[in-house]
Undergrad: 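Got a structure for you, questions after.
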Amino acid sequence: MPSPTRFALLLRTGALACFAAAAAPAGATDAALVSVADDAFKAADFDGDGKVTWEEFRNRVVRVFGHLDANGDGRIAGQEHPPAVDGEGKPAQPGNVSAESFTGAVEEAFKASDKDGDGALSLAEWSGTTN
Ligand SMILES: [Ca+2]
Ligand SMILES: [Ca+2]
């Protein structure tokens, strides 16, 4: 049975919330968000080996950033910026999110979620269901 905790990774940082916001339809239910998390894992696992490496995930993150950066100036600003926090849990400043800081925040969350430290996320690690 799916649980909202499976979505924990995606909500752990504002950057990943951005990822979720970009992937999920507006008004999505918890069940739909869980589905998005699973779909996002499968989409990110480019070589289909059941693990998402940072290399694989970074490719997705770059695409999400490009999706959010509607005017293509390399920063997420103003109306482009969904509600989010920065890597330290403080509210992100609109106009102050570069591709570098966005990717960095996601990398921190990625490393924090990689419980066995093998440099890749299993579906359980991705979903936040490991201890
Ligand atoms: Ca893989
Ligand atoms: Ca791992």
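Hydrogens, waters and symmetry mates play no part in the numbers below; they use all other heavy atoms, side chains included.
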Undergrad: What's the separation between atom CG in Asp73 and atom OG in Ser98, rounded to the nearest 0.5 Å?
TA: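 Here the interatomic distance stands at 11.0 Å.
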Undergrad: As an exercise, state the distance from CD of Glu108 to OG of Ser113, rounded to the nearest 0.5 Å.
TA: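 Those atoms lie 11.0 Å apart.
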Undergrad: Taking all non-hydrogen atoms of both residues, which atom of Trp54 and which atom of Val106 are closest, and how far apart?
TA: CZ3-CG1, 4.0 Å
Undergrad: For the side chain of Glu125 and the backbone of Lys51, is there at least one donor-acceptor N/O pair under 3.5 Å apart?
TA: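 It does not hold such a pair.
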Undergrad: For Val52, is there any backbone N or O sitting under 3.5 Å from a side-chain donor or acceptor partner on Asp45?
TA: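 Such a contact is absent between Asp45 side chain and Val52 backbone.
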Undergrad: Determine whether Val61 and Phe102 make a side-chain contact, defined as any pair of heavy atoms from C-beta on separated by less than 4.5 Å.
TA: yes
Undergrad: Given side chains that start at C-beta, do those of Glu56 and Thr53 come closer than 4.5 Å, heavy atoms only?
TA: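 They are in side-chain contact.
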Undergrad: Looking at the rings of Phe57 and Trp126, which for Trp means the six-membered one, are their centres under 6.0 Å apart?
TA: yes
Undergrad: Taking atom CZ of Arg63 and atom CZ of Arg58, what is their separation to the nearest 0.5 Å?
TA: 15.0 Å
Undergrad: Can you measure from CD (Glu107) to CD (Glu100) and round to the nearest 0.5 angstrom?
TA: 11.0 Å
Undergrad: Do the non-hydrogen side-chain atoms of Phe65 and Thr103 ever get within less than 4.5 Å of each other?
TA: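 No, too far: nothing below the 4.5 Å cut-off.
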Undergrad: Would you confirm whether Asp114, through its side chain, and Asp118, through its main-chain N or O, come within 3.5 Å as a donor-acceptor pair?
TA: yes
